[in-house]
Amino acid sequence: MDTPNQQQISGSGIPLLIAGCGSPDILKLLHSINSVGPEPVYDVLGCLDVLPENIEHGWHGLKVWDERSVDASDFPACAVANNTSGVPMRLRTKVTDGLRQKGFSRFDSLVHPGVDQYELTFGEGCSVLEGTNIGPHVSIGDFCALLLGCNVNHDVTLGEYCFVGPNATVLGRTTLEDGVYIGAGAVIFPEITIGAWTVVGAGSVVRKNLPPGVIVTGNPAKVIGKTDDVRR
Ligand SMILES: CC(C)(COP(=O)(O)OP(=O)(O)OC[C@H]1O[C@@H](n2cnc3c(N)ncnc32)[C@H](O)[C@@H]1OP(=O)(O)O)[C@@H](O)C(=O)NCCC(=O)NCCS
């Protein structure tokens, strides 16, 4: 099998695979992280994906391995970063579970160097993109994605696999349970609880608690369906 050659994995950085050829935003994030110090933090080996066209042609100049035919022993001491595209987040749980079964155990959180991490705790496998503003006393679970320019205010709690879209705002003391998806530019009022795997449409305004597993849109946000119905 065509696995990384010695030159690729002998650089000074931590060898890294990107799980999923989703958004090129992750490449910019890695560039920002690698540009801070005198040596790059990561050596990006390539991606893992299942789409034949990506495996055949590569992705943004990176090699793509077929996720189904590799395991962790092919990539010694390699960290994995989740790509930032998050729809639907339930797919991400499958990808992560599958990679764990293949022996991958190190899922690094990538945080843009400009993001102030004061009084912030977060788990593994997260991606926090440029321009994200996170208030104090925020707790972010594993495998969350916070996209460009979003605001997560003070005392907010995010479960696992949450997605906060570009320029969305989550106001103070709000709780997003596991897998909550906040679309681009949505606003979540303070002290709200959003139930697990609920999807808030782009530009929506949420002023009341939401149950698990629903799709809401509009201002004020109204339920339009269940998350099983989400097509994109
Ligand atoms: C809410 C969402 C998930 C619904 O997706 P869907 O289940 O495929 O729904 P559809 O596109 O079939 O739309 C269903 C109806 O809701 C309306 N609708 C969809 N999204 C809406 C939104 N954000 N605000 C207001 N109305 C919306 C549609 O116009 C449609 O109305 P109609 O039946 O009167 O024509 C999706 O539209 C959305 O907002 N996704 C977030 C995108 C985003 O922010 N991505 C970030 C990428 S980095």
Side-chain angles (χ1 to χ4, degrees), residues 18-33 47 49 51 54 59-60 81-96 109-112 114-115 122 125-134 140-153 156 158-171 174 176-189 192-232:
I18 298 171
C21 303
S23 164
D25 283 343
I26 195 162
L27 302 178
K28 189 175 176 200
L29 175 60
L30 281 161
H31 176 261
S32 302
I33 291 170
C47 303
D49 204 82
L51 289 180
N54 290 333
W59 184 72
H60 292 275
N82 272 309
N83 207 319
T84 49
S85 58
V87 184
M89 288 301 273
R90 280 164 297 168
L91 265 186
R92 186 181 273 206
T93 65
K94 281 190 192 147
V95 169
T96 310
S109 283
L110 305 182
V111 182
H112 189 276
V115 175
F122 58 90
C126 297
S127 319
V128 180
L129 295 193
E130 187 174 8
T132 295
N133 178 44
I134 307 176
I140 298 175
D142 297 339
F143 304 112
C144 289
L146 276 59
L147 268 70
L148 294 162
C150 72
N151 284 290
V152 175
N153 285 14
V156 166
L158 273 62
E160 297 180 340
Y161 295 99
C162 289
F163 177 93
V164 183
N167 298 310
T169 296
V170 180
L171 293 169
T174 278
L176 308 186
E177 294 180 351
D178 292 349
V180 165
Y181 181 100
I182 309 293
V187 177
I188 315 300
F189 268 48
I192 299 288
T193 296
I194 301 189
W197 305 102
T198 276
V199 171
V200 176
S204 303
V205 178
V206 176
R207 301 185 57 186
K208 293 181 179 162
N209 293 347
L210 295 176
V214 295
I215 306 167
V216 300
T217 59
N219 178 9
K222 296 258 187 323
V223 175
I224 63 159
K226 300 204 167 132
T227 32
D228 285 348
D229 304 333
V230 177
R231 292 190 290 282
R232 61 185 159 78

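Counting convention: from 1, in listed order, for ligands and their atoms alike.
- Evaluated by nearest non-hydrogen atom to atom 23 (N) of ligand 1, the leading choice among Ala145, Ala168, Ala202, Pro166 is Ala202.
- Closest to atom 3 (C) of ligand 1 by heavy atom, among Asn219, Val216, Val199, is Val199.
- For ligand 1, the atoms sitting less than 4.0 Å from at least one non-hydrogen atom of Ala184 are 43 (C), 44 (O), numbered in the order shown with element in parentheses.
- The proximity of Ile224 to ligand 1, defined as any non-hydrogen pair under 4.0 Å, is limited to the side chain.
- For ligand 1 and Gly183, the ligand atoms under 4.0 Å from any heavy atom of the residue are 44 (O).
- Formation of a donor-acceptor pair under 3.5 Å by the Thr174 side chain with backbone atoms of Ile192 is found in this model.
- Listed by number with element, the atoms of ligand 1 under 4.0 Å from a non-hydrogen atom of Gly201 are 1 (C), 23 (N), 39 (O).
- The closest side-chain heavy-atom distance from Val128 to Ile134 is below 4.5 Å.
- Per-residue contacts place Leu147 under 4.0 angstrom from the following atoms of ligand 1 (heavy atoms of the residue considered): 48 (S).
- Taking any N or O of Tyr181, backbone or side chain, at least one lies under 3.5 Å from an N or O belonging to ligand 1.
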Show, in sequence, the C-alpha distance, side-chain angles and deciding distance for Phe122 and Leu146, and conclude whether the side-chain contact (heavy atoms from CB on, under 4.5 Å) test is met. CA-CA 12 Å; Phe122 58 90; Leu146 276 59; over 6 Å; no
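- The shortest distance between side-chain heavy atoms of Phe189 and Arg207 falls below 4.5 Å.
- The number of heavy-atom neighbours closer than 6.0 Å to NE2 of His31, taken from other residues, nucleotides and ligands shown, is 12 or below.
- Results of the side chain to side chain contact (heavy atoms under 4.5 Å, CB included) test with Tyr161 over Asp142, Val180, Thr93 single out Thr93 as the only residue that passes.
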